[in-house]
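Here you go, one structure.
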Amino acid sequence: MNRWPGSYVPALVVAVLAVLPVVVLFGLAESPESLLEARNLRLLLNTLLLTGLTALGAIAIGVPLALLTAFVRLPWNRLWLVLLAAPLAMPSYLGAFTLHAAFGMGGELENVLGLQTPSVFGLWGATLVMTLYTYPFVLLTTRAALLGQDASLVAAARTLGMPLAACLWRVVLPRAATAVAAGALLSALYTLSDFGTPAIMGVDTFTRMIYVEYNAFGLGRAALLSLQLLAIVGLVLFLESRVAATPERPGRALVLWPRAWQAPALLLAISPVILLALVLPLAVFFLWLVRDGAGGFEPAFAWNSALASGLAALAAVVLALPVALAARAGRFGRLMERVTFLGFGVPGIVMGTALVYLGLQLPPLYQTLALLVLAYVLRFLPLAVGSIRSSVESLDSGLARAARVLGAGPREVFFRVTLPLTRRGVIAGAALVFLEAMRELPATLLLAPTGFETLATYLWRMYEAGYFGRAAVPGLLLVLLSGLGLAVMLGGERRAEFGLSGDNRS
Amino acid sequence: MLSVTDMSVDYGSTRVVNGVHLELAADEILTLVGPTGCGKTTLLNGLAGLVPMATGAVRHPDWTATPDQPVPPERRKVGMVFQDFALFPHLSVEENVRFRLADHAVGERWIARLGLDDFRQAKPGRLSGGQKQRVALARALAHEPSYMLLDEPLSNLDAAFKESLRWEIRDALKAAGVPAIWVTHDQDEALSVGDRLGVLREGRLEQLDEPETCFSLPATRFVAGFLGEAAFLRGELADGRVSTGLGDVPATPVAGATGTVDVLLRPDDCAIEPVGEGGHGHVSLARYEGGSWLYAVTLDDGPVVKARTSHEHRIAPETRVAVRIVTTHPLAAFPAE
C-alpha cells in the first residue's frame, strides 16, 4: 500500500492553496517594531475586551436558554429553538446597522414610537450586538451536552432534598462546563473575525483598523495587524482543541413540565432576545422600505452577488470532493483536510488583505472576479468539506470494491458510485457556501472589482454614505438569504450539530 | 402512611399510569411487577414527584399532592434507589452517602451496616455493581426518608449477586422501619420480597394482594400468566368443585365465574407418570431447568398442561403419560373463554 490514493494529489493542491494567504501575509507585513506602540496596544486591548465580554455575554444568555430549550416542555418547543438559534445565521453587521439606527437620540424607536432609548454604540454597543448574534453557539453546544445527560442524577439529588435550582447549578451545569466553554470559544472566534459590527459601533479593533489601513494604502501595516489577529485566532483555536468533554453515560434527559402560568412567563423572558436580534432588524428594514421605497437599488447588485457566490459554491464543492475523499483515505489525507480548515480561522478582512496583495503581485488577477471567488472558496471551503465529508463517511468502502470487482475502473467508480451517493452532501455544501458568500462583507469590500456592486457592498456604501433608507432592499434580501441558510443547516447534513434530532423524546 | 387515589400520569397524549389506587402501610414492603412498558417506573416517578400527575391525589401525613397542587420531590421526604444507581460521579462513597446530611452520624451508621467502610473514599466509577447498589441504598436510607421507592434495584447486577442482595436490601428496609415500594420485572423477586404484591398492566393495577393470593388466586388471566407457568383446563363448576377431564378438584371462582369455567393449573398442581398404554396425553415439550424438568403435556382432547418432575426423572418427548391433579387447595376458576 505504498501507492498514493488518487484523491491525494488534488487534495494537496487545495491544501497548499489554503495556506497561501498566511504565507502571503508574512511576506507582506512591515517590520514588527510598531508592535508595542500605544496605538497597537489599544487595538489589542479593544479586541480582547470585545471578544472577552462577548464570550461572557454569550454564556449569560446562551446557558439559561440552553437549560430552557433542553429541559422545559414548552408549547411549540421546536419553533422557539429555531427562532433562538436563528441569529447565528444572520450576519451581525445587519444587527449592528439596525440597532444603531433604531436606538438613541433621533433613532427609529424615538421617531416611530416616541421611545427615549440610550444609544447603542461603542464597546458596550458592539458587545451587545456580538452577544446577540453569537450566543446561539453557546446555546447549541450546551443544549447538546444537556440532552446527553441522564436525568437520574437530578432525580437522585431532588429526592435527597435538593431544590431544582440548586440541582441545575450543582449537578447539571458542572457536567456541561466543557460544552459551555466550547460554545463561548466559538463565539469569541466569531467576534474576533467580525468586521461590520466594530466598524459600525466605532470600536477600534484589529478588523476595523485593517480596513482603515487598507484604505490609506498601508497594506504592509494591514498585513502586520492581520498577523496579530491571526495569532489571537490561533490561540483561541488551540484552546478550543484542548476542550474535551467527559463522556456521559447515555440515558434519558431531564424533562421539566412548567405550570400553566410558567410557560407564558418563560416565553416572555426569552422574547427580548428574539425581539432585538430578529424582529427589530426586520422591522427597521421594512420601515425604511415603506418610507423610502426601493429607489437606487438595481437588480444587478443581487445578480452580481449570486454570480460570485454561485461560482464560489461550484468551485468549493469541486475542490472539496477530493479533500473529503482524501480525509477518508488515510492519515496524510486527514492532515490535508485539517489544513483546508485554516480558511475558517482566517477573518474575511485578513483574507481580503492577503488576496489584494496577491493580486498586486500577479497583475492579471488584480481587480478580477476570480480573485473574489478565490477568497470565498478559501474562506468557506471548510463548510463544503464538512458537509461532503459527513456524506462520504456513510459511504461503505465495500461498495467501491464491489464496483471494482464488477470491472469498473477507478474513474467509473467515482462517477457512478461515489458521486451519486455523496450528492446530498455536495448539494448541501454548495448551498451553505453560496449563502455564506452572498452575505460576506469585508473580503467583498476589498476584492470586488471596481463597479461590481453586490448586496453586501451596496448596503455598506449606503450605510457609509448615510442613506440608511436605501439599505432596506439589500438588507431584507440578506435577511431572507439568512433564513434560507438556516433552513439548509436545519434540514441538511448539519442537523446533528443543531441537536434537533435529539429532540424526539417521549 | 402513603395513600394514593385514582392516580394517572400522561406522557403527551398517552396515559401511562391509569387510575391507580393503593395504600402503603407503615413498615410494609410493596412490590410492583409488570412487563416492560407497563408504567411501573412512571408510577414510581409520579410518587416521587419527578413527573406531574394528570389525575388523583397522593396523601402523606405531612403533605398532599394533586395535579393542581404538586409537591416537589425535595419536599416529600422520599428516598429513591435508581435502576442505574445515580451515584454522583464526582463525589466519593462517603460524600455520596451524606450528600445533604448535617449530622454525619446517620451516614456512618449506614456505611457501617452495609459494609462500605473499606471503600468509603472511592469514587463510584471504581465500584462493582453490587457495591454501587449498597451505596445507593445507604445514601437513600441515611437521609431518613419517610418512604422509599426502589426502581428495579437489582436489574443491573449479575445473577449471582441478585439473590443475596435482595435479602440484604429487604433486611435494611425492615431495620430502618421505612415502608417501601419496590418495582421489578422479575416475578420471583416480586413474589419473594414483598409483603404485598401489585401487578401492573398497561398502567392499571390488575391486582394488589399478598403474594400467595396473587399467585394462587389471580384476579385475571394476565396476572395468572405473568406470575408463573399457567395452564387452563375446561370444566363445570358446582358447589365449590370443578369436574374436569382430569378429575374433580376444589375451586374458588374468580371474576364472577359460574357454570363452564377454566381452572388455573400451575406445574406444581400436577403430577405426571409415564404409562405404556392409555393415560391422558403425550409429552409435547421437555425443558431442563437445573433442579427439575418442566414438561408440557398435550391432552388428548386438546389443552396443554404443565408439570415438573425432579431432575432424576427424565421423560422422553412423545411418551404417553397419565396426569393427576395433586393439589388440595382450591384452584382459581375463571369464566370460560
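Here is how names work: the chains are called A, B, and so on, in the same order as the sequence lines, proteins then strands, and each is numbered from 1. The structure displayed is predicted, hence computed values, not measured ones.
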(message) At a 4.5 Å cut-off on heavy atoms, which part of D68(B) comes close to chain A: side chain, backbone, both, or neither?
(response)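 Only the backbone of D68(B) comes within 4.5 Å of chain A.
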
(request) For residues T159(A) and F82(B), determine if any side-chain heavy atom of one lies less than 4.5 Å from a side-chain heavy atom of the other. (result) yes

(message) Between F88(B) and chain A, with a heavy-atom cut-off of 4.5 Å, which part of the residue counts as in contact: side chain, backbone, both or neither?
(response)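 Backbone plus side chain of F88(B), per the 4.5 Å heavy-atom cut-off to chain A.
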
(request) Answer with side chain, backbone, both or neither: which region of R76(B) has an atom nearer than 4.5 Å to a non-hydrogen atom of chain A? (result) neither

(request) Output the option from V78(B), N45(B), D151(B) having the highest count of non-hydrogen pairs under 4.5 Å with chain A. (result) V78(B)

(message) For F99(B) versus L160(A), what's the shortest heavy-atom pair and its separation?
(response)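 Where F99(B) meets L160(A) most closely, the heavy atoms are CD2-CD1, 3.8 Å.
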
(request) Between chain A and each of A142(B), G12(B), P70(B), count heavy-atom pairs under 4.5 Å; write down the option with the most. (result)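 Top count of heavy-atom pairs under 4.5 Å with chain A: P70(B).
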
(request) Return the minimal non-hydrogen interatomic distance between R100(B) and G161(A), and the atom names on each side. (result)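 Taking R100(B) first and G161(A) second, the nearest heavy atoms are NE-O, 3.1 Å.
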
(request) Pick one of side chain, backbone, both or neither for V51(B), based on which atoms fall under 4.5 Å of a heavy atom in chain A. (result) both

(request) Under 4.5 Å heavy-atom distance to chain B, tell me which part of A260(A) shows up: side chain, backbone, both or neither. (result) neither

(message) At a 4.5 Å cut-off on heavy atoms, which part of R75(B) comes close to chain A: side chain, backbone, both, or neither?
(response) neither

(message) Within a 6.0 Å radius of atom NZ on K77(B), are there more than 12 heavy atoms belonging to other residues, nucleotides or ligands?
(response) no

(request) Please determine, among L87(B), V81(B), T14(B), L149(B), the option with the most heavy-atom pairs under 4.5 Å with chain A. (result) L87(B)

(request) Please round to the nearest 0.5 Å and tell me the distance separating atom CZ of R175(A) and atom NE2 of H90(B). (result)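 Answer for the CZ-NE2 pair, R175(A) versus H90(B), is 8.5 Å.
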
(message) Given heavy-atom pairs under 4.5 angstrom as the criterion, report whether the side chain, backbone, both or neither of L101(B) touches chain A.
(response) neither

(message) Surrounding CZ of R126(B) (heavy atoms of other residues, nucleotides or ligands, distance under 6.0 Å), is the total greater than 12?
(response) no

(request) Could you tell me which portion of P145(B) (side chain, backbone, both or neither) has an atom closer than 4.5 angstrom to a non-hydrogen atom of chain A? (result) neither

(request) Check L50(B) against W257(A) and note the closest heavy-atom contact, atom names and distance. (result)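 Shortest heavy-atom separation between L50(B) and W257(A) comes out as O-CZ3, 4.1 Å.
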
(message) At a 4.5 Å cut-off on heavy atoms, which part of V154(A) comes close to chain B: side chain, backbone, both, or neither?
(response)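 Interface part for V154(A): neither.
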
(request) Would you give the length of the straight line joining atom CZ of R158(A) to atom CD of E74(B), rounded to the nearest 0.5 angstrom? (result)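 Those atoms lie 4.0 Å apart.
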
(message) Rounded to the nearest 0.5 Å, what separates atom CG in L153(A) from atom CG in D84(B)?
(response) 7.5 Å

(request) Any chance you could lay out the side-chain contact (heavy atoms from CB on, under 4.5 Å) test for V255(A) and Y11(B), step after step, and finish with the verdict? (result) CA-CA 11 Å; V255(A) 180; Y11(B) 275 146; over 6 Å; no

(message) I'd like to know whether CZ of R170(B) has more than 12 heavy-atom contacts from other residues, nucleotides or ligands below 6.0 angstrom.
(response) yes

